[in-house]
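Note that ligands are numbered from 1 as they come in the structure, with each ligand's atoms numbered from 1 the same way. This chain uses plain numbering: 1 for the first residue, then up along the sequence. Just so we're clear, the structure is a prediction, and the values are computed from it rather than from any experiment.
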Amino acid sequence: MMNALEQYDPQIYELIRQEQARQSGAIRLIPSENYVSRAVMLASGGCLTNKYAEGYPGHRYYEGQQVTDLIEKIAQDRAKKLFKADHANVQPYSGSVANMAAYAALVEPGGTIMGMSLADGGHLTHGGKVSFTSKFFKSVSYRVNPEAGRIDFDHVRDLAKQHRPKLIISGATAYPREIDFKIFGEIAQEVGAYHISDIAHIAGLVVAGIHKSPVPYADVVSTTTHKTLRGPRGGMLLCKDEHAKKVDRAVFPGLQGGPHMHTMTAIAVAMAEADTPEFVAYAEQVVKNAKALAEKLLEYGFNLVSGGTDNHLILIDLRNKNIPGKKLAKALDRARIVTNYNSIPNDPSPPANPSGLRIGTPAITTRGMKEEQAREIAKLINKVTENIDNESVIEAVGKEALLLCSQFPVPDHFIKNSNGR
Ligand SMILES: *Cc1c(COP(=O)(O)O)cnc(C)c1O
């Protein structure tokens, strides 16, 4: 395929090649990113991109669905098995659209939804001010406890009783601790709200059994497929049978047209990969690596929101280092360590230039790195932090990062016959 591209469009071919080199020559710590397998890559780049399949298996609005119906049913069945859910919708284009569909399925426009505030680690689509979710719905946000950096369930309950939302969203995008979905379910029940759980970040940890699944406690579970789950970019909704029709109709024809069949095909492959002991070992290592990285950062005097991590991500509070998140993220990028600057709870600085840095371990774990390398990475992060205005040190760190990358090449893996890498 790449040969054809090289001949037809050398300019784009060259840019893809450059991006490939960047991904293999950098320590990628953005917690929502990963490396997919060659099998997933092949499926998502295949001929299914040519097919329109509006509707659902057996009820399509175009002919020629002999194969697509089979693929979608396999994807649904694998999702149901993996997440132990009654019903799965594998059509959402992304996590954001999946959330919008879940809200639209359960709440009338203008109804009240309640999620974690963006500033405290919630996702934009949990009712963030600039998101359409706060324009189509009335949005109420719960905060985390500013000292502990953790969800305060008394506060969540009080707010729910005060505002009586139609919908409570659990789940987050920058929260380093395990979330008790059962309590969220109980609070939702107490106020007569639906409970939607958004596990976009931690889906891989949930299917591996490392974090408790929200499926028993939520009306609808929303996820992306490309973060810790390690599939192609996409979204998915899981729900109890009673909500299946409403959820399906909200996705199509409510919000979307034809599903991206090539993505759905690759999602099916990714879910087969996730249903293996190798995947469980990867997910366990993701958490071990994050804990090792966190521990070492604490030794270097970094403050971590909530004091550490239970999952794949770490939120560093940089205020005691007197370096803005953006400045450190940019310096680290020059040293081949790719992160993102991020707000911390109760951040005194604005979101465009916040006080935090968010890092995570899924991608380095997929490369086969273990605790030793995680600690080495903490050392490199500290070196850049301590020499933030010294370009020659930053350049030297970049060389060390490149060496580490060369020892852990991006695996060209088919999970089934992988050698453990
Ligand atoms: C990443 C994320 C999303 C959105 O996913 P996209 O595929 O980027 O639209 C939604 N919710 C949470 C919690 C996320 O972390």
Run the side chain to side chain donor-acceptor pair (under 3.5 Å) test against His262 and tell me which residues pass, sequence neighbours left out.
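For His262, no residue satisfies side chain to side chain donor-acceptor pair (under 3.5 Å) once neighbours in sequence are set aside.
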Taking the six-membered ring of Tyr300 (Phe, Tyr or Trp), confirm whether the NZ or CZ of Lys379 is under 6.0 Å from its centre and within 45° of its axis.
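Not flagged: Lys379 not positioned over aromatic ring of Tyr300.
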Does a side-chain N-to-carboxylate-O contact under 4.0 Å join Lys240 and Asp86?
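Salt bridge absent between Lys240 and Asp86.
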Pairing of Asp69 and Arg60 as salt bridge, 4.0 angstrom limit
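So Asp69 pairs with Arg60 through a salt bridge.
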Contacting atoms of ligand 1, where contact means under 4.0 angstrom from a heavy atom of [X]:
X      : result
Thr173 : 14 (C), 15 (O)
Thr224 : 5 (O), 7 (O)
Ser96  : 4 (C), 5 (O), 6 (P), 9 (O)
Asn99  : 10 (C), 11 (N)

Is the count of non-hydrogen atoms from other residues, nucleotides or ligands lying under 6.0 Å from Tyr61 atom OH greater than 12?
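No - once you tally the heavy atoms of other residues, nucleotides and ligands closer than 6.0 Å, there are 12 at most.
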Contact (N/O only, under 3.5 Å) between Ala200 and ligand 1:
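No.
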Option with minimal heavy-atom separation from atom 1 (C) of ligand 1, where the choices are His123, Arg233, Lys227:
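Result: the heavy atom closest to atom 1 (C) of ligand 1 is in Lys227.
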Are Ser32 and ligand 1 in contact, using a heavy-atom cut-off of under 4.0 Å?
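In this structure, Ser32 fails to qualify as a contact of ligand 1 - no heavy atom is under 4.0 Å.
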Non-hydrogen atoms of His226 versus ligand 1: any pair closer than 4.0 Å?
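In this structure, His226 qualifies as a contact of ligand 1 - some heavy atom is under 4.0 Å.
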Tell me the contacting part of Val97 for ligand 1: side chain, backbone, both, or neither, using a 4.0 Å heavy-atom threshold, strictly below.
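Val97 to ligand 1: no contact under 4.0 Å from either part.
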Show the nearest heavy-atom pair for residues Arg358 and Ser32, with the distance to one decimal.
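Heavy-atom minimum between the residues: NH2-OG, 3.6 Å.
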